[in-house]
Number of protein chains: 2
Amino acid sequence: MTMSDRRTQILDAAATLISERGFTSTSVDDVIKGAKLSGKSHFYHYFKSKEELGYEVLNRQFERFAERGLAILREPMIDPLERLNLFIDAVVALQSESGGRRGSPFGNLAAELADAHEGFRVRIEAVFERWASQIRSLLWEARPQLHDDVDAVRLSRFIIAALEGAVLMTRVKRDLSVLEGIAADLKRFIAMHVRDGAAIQLHRNLE
Amino acid sequence: MTMSDRRTQILDAAATLISERGFTSTSVDDVIKGAKLSGKSHFYHYFKSKEELGYEVLNRQFERFAERGLAILREPMIDPLERLNLFIDAVVALQSESGGRRGSPFGNLAAELADAHEGFRVRIEAVFERWASQIRSLLWEARPQLHDDVDAVRLSRFIIAALEGAVLMTRVKRDLSVLEGIAADLKRFIAMHVRDGAAIQLHRNLE
DNA sequence: CGATATTAGGACCGTATGGTCCTATGCGCA
DNA sequence: TGCGCATAGGACCATACGGTCCTAATATCG
């Protein structure tokens, strides 16, 4: 097994544990058990500290999210606003994969560490910014279909906040339909920004 | 100093620490220092465990929120939809008191403990439910001004999710204007549910 | 006064934490 | 053959954790 295979194995185990119990409550020993390593030194052979492990897990979670979620926002053959709806569906789908239990990996870490750990805060901020910028690009692309006064920065933040809040509530209530309902409402909110006459069939789909 | 004074003192210190660093990262010794107690036994004279302390802190945070935030939803002399807007303003104001750093005490605990600690999860769920039910009552009261197809359960959840998500993002970005922008958008979303012709002056205020 | 409860303070315990160090075994590659 | 690296595994460390126990001083109140 190569160096990077082992690292991947450790990162996967850590990602699962962290998304289940949080970063603070996940011990290095837990990760070692999860990744079936022989001992502490084996772990520290691959990562110089638990903190660095956390950073890399965050990066991997974002890359996974970028591939399986954000990528939809860039599909060139689909109408931009339709893509936005598909993206929201994808967030719901990703959440339902874990039975609605595990939350957004970013929201979790954000709530846990934003105030307590500046290193994580900065990295999570960067994640949200990259996410927001993808939505802003899409809104720019959809500009002809949108009202003139649509503020892409604000709208992109609203979409992210609504989704993160929805994921949080879904975890607390252990009920995926919470997320589904909020996702549907969010689509209606976005449709509200569509210029009269544009994308009428889209609008009708949501009613 | 009476028994309950001391308890209050401890609860206040614990509330501050927990909202700053989370429950897991707040040790009993930290609370003892914060409340200027003489030692561990002094603390355990008032609370049987750290867990119980956490539960009581959560209760107090909710009561405080109920007094300073939710109470607005029940003001009898103000138009219900106006009250909803005032409530949203109040959430922004409460957040800005801590310089936008400390998040919603419920959202924090929810993200940290919902998956890991069933006792907290249930209590946080109850908090959200009480919050949602207040909004539902208000929406019921505002029924004549709203479209017939407004789903009060769904809309109340959306409002809470948007606010919780907004508070989370605000903490991560350390920028209160994030919350302000989302709050404004949320008001527009609510206004979207208002029946044509009703509450026109309200609608115009938001533009 | 004496009795009772609160306050104070420290010693202590078992367990877990992140992290270091050391030794020994395999295994591929020059 | 021998060098170097991945694997394995354990001992160990300082610190911190939640929690218990014990004793002594101080108030309160009959």
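Everything numeric in this text was worked out from a predicted model, so none of it was measured. Within every chain, numbering begins at 1; the chains are lettered A, B, ... in the order of the sequence lines, protein sequences first and strands thereafter.
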Can you give me the N/O atom pairs linking the protein to nucleotides 23-28 of chain C at distances under 3.5 Å, or say none if there are none?
none

- Message: Strictly below 4.0 Å: does R6(A) bring a side-chain N or O up to OP1 or OP2 of dA8(D)?
- Response: yes

- Query: Rounded to whole angstroms, how far apart are NZ on K33(B) and P on dG18(D)?
  - Reply: 11 Å

- Spacing between D30(B) atom CG and dT15(D) atom C1', to the nearest angstrom: 14 Å

- Can you tell me if the side-chain N/O atoms of S27(A) get under 4.0 Å from OP1 or OP2 in dT17(C)? yes

- R121(B): what forms a side-chain hydrogen bond (donor to acceptor under 3.5 Å, both in side chains) with it, not counting sequence neighbours? E118(B), E125(B)

Could you list, one pair per line, each protein nitrogen or oxygen that sits under 3.5 Å from a nitrogen or oxygen of nucleotides 9-11 of chain D, together with the distance?
unit_1: dG9(D); atom_1: O6; unit_2: S41(A); atom_2: OG; d: 2.3
unit_1: dG10(D); atom_1: O6; unit_2: S41(A); atom_2: OG; d: 3.3

- Task: Please list, chain by chain and in numerical order, all residues satisfying ring pair (Phe, Tyr, Trp, His ring centres under 6.0 Å) with F47(A), sequence neighbours excluded.
- Result: F43(A)

- Message: Could you tell me if D29(B) and S27(B) have a donor-acceptor pair between their side chains, going purely by distance under 3.5 Å?
- Response: no

- Note on the structure: Taken to the nearest whole Å, CG/D29(A) to P/dT15(D) is 19 Å

- Looking across every strand, which nucleic acid part, if any, lies under 4.0 Å from T24(A) by heavy atom: base, sugar-phosphate, or nothing? nothing

- Pairwise side-chain contact, T24(B) with E112(A), heavy-atom cut-off 4.5 Å (strictly under): no

- Task: Grab the OH-P distance between Y44(A) and dC22(C) for me, whole Å please.
- Result: 17 Å

- Item | Distance in angstrom units between H45(B) NE2 and dG18(D) C1', rounded | 19 Å

- Message: Is the ring pair F189(A)/F189(B) parallel, tilted or perpendicular, if the boundaries are 30 and 60 degrees?
- Response: perpendicular

- Item | Test ring pair (Phe, Tyr, Trp, His ring centres under 6.0 Å) applied to F23(A) - qualifying residues, sequence neighbours left out | F120(A)

- Query: Could you give the NZ-to-P distance, from K50(B) to dC17(D), as a whole number of Å?
  - Reply: 9 Å

- Message: If only side-chain N and O atoms count, and only distance matters, is there a donor-acceptor pair under 3.5 Å linking R188(B) with H193(A)?
- Response: yes

- Query: Counting any heavy atom closer than 4.0 Å, what does S25(A) reach on the DNA or RNA strands: base, sugar-phosphate only, or nothing?
  - Reply: nothing

- Calculate the interatomic distance between I32(A) atom CD1 and dA8(D) atom C1'; express it in whole Å. 12 Å

- Query: Between F43(B) (CZ) and dT6(C) (P), how many Å, whole number?
  - Reply: 17 Å

- Which residue pairs pass the ring pair (Phe, Tyr, Trp, His ring centres under 6.0 Å) test with at least one member in residues 165-187 of chain B, sequence neighbours excluded? none

- What class does the angle between the rings of F158(B) and F158(A) fall in, given that below 30° is parallel, 30 to 60° is tilted and above 60° is perpendicular? tilted

